[in-house]
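Inspection log for the structure reproduced underneath, given as structure tokens.
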2 protein chains.
Amino acid sequence: MSLIFSRQCEYALQAVIYLALNKNGSHVPIKDLTRKLKIPYHFLGKIMQDLTRKGLLVSEKGPRGGFALAMPACDITLFHIVDAIDGADFTRTCVMGFPECSGKKPCSVHGQWASLRDGIYAMLVSKNIEELSRTMQKPGYPGVLP
Amino acid sequence: MSLIFSRQCEYALQAVIYLALNKNGSHVPIKDLTRKLKIPYHFLGKIMQDLTRKGLLVSEKGPRGGFALAMPACDITLFHIVDAIDGADFTRTCVMGFPECSGKKPCSVHGQWASLRDGIYAMLVSKNIEELSRTMQKPGYPGVLP
DNA sequence: TTATATTCAGACTATTTAGTCTGAATATAA
DNA sequence: TTATATTCAGACTAAATAGTCTGAATATAA
Ligand code: SF4
Ligand code: SF4
């Protein structure tokens with residue numbers, strides 16, 4: 001496989017986007033998320049706990065408990081989530097995996113890759129979850145017709 | 001981790017680049033590659049066999065045997081290698097892993113990601129191994145001072 | 001107060017990827 | 001012809017990632 005983000009990270013992005021659609025301030029339990037997003041229940045549980053520890057989410061136990069964003073959706077960028085789950089090594093390492101290449105004597109892909117990588121980073125920091133969730137018209141999502 | 005290419009794929013790229021530097025038409029045994037590139041011997045062996053089966057390399061057994069490019073280095077692009085090892089799914093799937101999203105009603109990252117992904121693809125098909133190896137000034141490589 | 005719905009911690013299994021080992025096949029050179 | 005250097009096939013182990021299970025802690029509501 002050659003994916004940009006780990007599966008955990010993809011799930012995290014999807015879950016946080018879904019939470020952002022829950023405008024009324026209530027908490028969303030994993031059961032709801034797992035149903036809508038088709039993500040394995042216990043696996044998603046772990047991911048949500050992780051994001052909570054990282055400070056991106058808040059949680060409540062018991063009936064009417066669940067998860068919610070720890071801050072306004074417009075203050076959470078894609079990068080916050082990617083960095084929390086996968087880290088940001090891809091912004092620093094060689095695409096071809098050459099170890100210890102400083103890029104001092106750059107090869108002929110270095111410059112082009114650097115600008116693409118910067119583009120990816122720019123996208124991740126510029127897109128916030130509020131805007132993204134607003135344009136996320138998926139069947140069954142709040143505010144979307146089936 | 002969040003890497004663009006699998007480790008196998010990185011190793012394959014490095015090995016093919018090294019082969020391209022071996023101008024004199026002789027074959028390079030795995031032993032040499034593994035020494036220069038610091039890639040595990042038997043693992044690299046498998047990768048080279050894979051590339052041979054895919055038609056990118058040719059091999060010779062016995063003393064003075066080893067591997068060589070199956071065609072002129074300028075005819076092999078990065079994409080040939082990436083596609084042979086990892087496949088090209090990243091050009092087709094959603095960055096955030098949303099299953100079955102056609103992109104018909106594109107969300108607010110779709111366009112930006114599409115152009116970045118096209119940029120990556122364009123880079124992979126435009127860079128050939130000849131040009132790349134020529135600019136690859138690594139200590140211990142043929143034609144490079146230590 | 002009791003039943004219930006949830007998070008949460010941690011141990012566990014499964015799958016994928018990475019890496020190792022052994023020995024057979026084969027080509028070269030002495 | 002024999003010793004040697006290599007590829008190559010395939011079985012194996014190790015590590016990383018993905019996913020499951022159990023039960024404790026805790027908050028709510030009846
Ligand atoms: S110069 Fe080339 S090999 Fe070195 S880090 Fe940049 S892309 Fe990688
Ligand atoms: S529209 Fe958004 S969610 Fe759908 S495939 Fe494109 S990037 Fe993914």
Side-chain angles (χ1 to χ4, degrees), chain A residues 1-15 19 22 25-35 37-70 82 84-87 89 97 99, chain B residues 1-15 19 22 25-35 37-70 82 84-87 89 97 99:
Chain A
M1 291 296 158
S2 81
L3 303 162
I4 303 288
F5 306 125
S6 71
R7 199 170 307 186
Q8 275 200 50
C9 190
E10 292 180 349
Y11 290 164
L13 289 165
Q14 295 174 25
L19 286 187
N22 192 251
S26 70
H27 288 216
V28 181
I30 296 178
K31 209 196 294 183
D32 289 13
L33 291 164
T34 205
R35 194 162 36 222
L37 301 170
K38 308 276 172 29
I39 299 173
Y41 184 89
H42 292 92
F43 194 33
L44 183 55
K46 293 202 155 300
I47 296 168
M48 300 301 275
Q49 288 163 32
D50 234 39
L51 292 172
T52 305
R53 271 191 293 269
K54 291 272 164 61
L56 291 170
L57 304 180
V58 291
S59 65
E60 279 300 323
K61 293 178 183 175
R64 314 200 51 80
F67 295 87
L69 303 183
V82 169
I85 302 290
D86 276 349
D89 278 359
Chain B
M1 292 296 160
S2 80
L3 303 161
I4 304 287
F5 305 124
S6 70
R7 198 170 307 186
Q8 274 200 51
C9 190
E10 291 180 350
Y11 290 165
L13 289 166
Q14 295 174 24
L19 286 187
N22 191 252
S26 69
H27 289 217
V28 182
I30 297 177
K31 208 195 298 181
D32 288 12
L33 291 165
T34 206
R35 194 163 36 222
L37 302 170
K38 308 276 170 29
I39 299 173
Y41 184 89
H42 292 91
F43 194 32
L44 182 56
K46 292 201 157 301
I47 297 169
M48 301 300 276
Q49 287 163 31
D50 234 38
L51 293 171
T52 305
R53 269 192 293 271
K54 291 271 165 61
L56 292 171
L57 304 181
V58 290
S59 64
E60 278 302 320
K61 292 179 184 175
R64 313 200 53 81
F67 295 87
L69 303 182
V82 169
I85 303 290
D86 276 349
D89 279 359

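For A:D86 and D:dA16, the CG to C1' distance is 13 Å, given to the nearest whole Å. In this structure, B:L19 atom CG and D:dT7 atom P are separated by 11 Å, rounded to whole Å. Rounding to whole angstrom units, CD1 of residue B:I30 and C1' of D:dA5 are separated by 12 Å. Atom CG of B:L33 and atom P of D:dC8 are 13 Å apart (whole Å). In this structure, B:L57 atom CG and D:dC8 atom P are separated by 10 Å, rounded to whole Å. Between B:I85 atom CD1 and C:dA18 atom P there is a gap of 11 Å when expressed in whole angstrom units.
With sequence neighbours left out, the salt bridge (charged side-chain N to carboxylate O under 4.0 Å, His left out) criterion links B:R35 to B:D32.
Proximity of B:L37 to B:Y11: side-chain heavy atoms (C-beta onward) are nowhere separated by under 4.5 Å. With contacts defined as side-chain heavy-atom distances shorter than 4.5 Å, the pair B:N22/B:L69 does not qualify.
Between atom CG of residue B:L33 and atom CD of residue B:Q14 there is a gap of 10.5 Å, rounded to the nearest 0.5 Å. A:E10 contributes atom CD, which lies 12.0 Å from atom CD1 of A:I85 (distance to the nearest 0.5 angstrom).
A:A70 and A:G55 get closest at one heavy-atom pair: CB-O, 3.4 Å. Here the closest heavy-atom approach between residue A:H27 and residue A:R64 is recorded as CB-O, 4.1 Å. Here the closest heavy-atom approach between residue A:A68 and residue A:S26 is recorded as CB-O, 4.3 Å. Residues B:L13 and B:F5 come closest through the heavy atom pair CD1-CD1, 4.5 Å.
A close approach under 4.0 Å does occur between a side-chain nitrogen or oxygen of B:S59 and OP1 or OP2 of D:dC8. Contact annotation: A:K31 side-chain N/O to C:dT6 OP1/OP2 distance is under 4.0 Å. For D:dC8, the OP1/OP2 oxygens have no side-chain nitrogen or oxygen of B:R53 closer than 4.0 Å. One finds no side-chain N or O of B:Y11 lying less than 4.0 angstrom from the OP1 or OP2 phosphate oxygen of C:dA18.
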Please produce a list of atom pairs where a protein N or O lies less than 3.5 Å from an N or O of nucleotides 25-30 of chain D.
none

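When each of B:I30, B:V58, B:L56 is tested with B:F67 by the rule side-chain contact (heavy atoms from CB on, under 4.5 Å), just one qualifies, namely B:I30.
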Would you list the atom pairs, donor with acceptor, under 3.5 Å between side chains in residues 38-53 of chain B and any protein atom, with sequence neighbours excluded?
residue	atom	partner	partner atom	Å
B:D50	OD1	B:R53	NH2	3.0
B:T52	OG1	B:M48	O	2.7

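Near DNA chain D, meaning a heavy atom under 4.0 Å from it, residues 37-51 of chain B has B:Y41, B:K46, B:Q49 in order of number.
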For DNA chain D, the expected dot-bracket line (Watson-Crick or G-U under 3.5 Å, [ ] crossing, | inter-strand) is ||||||||||||||||||||||||||||||

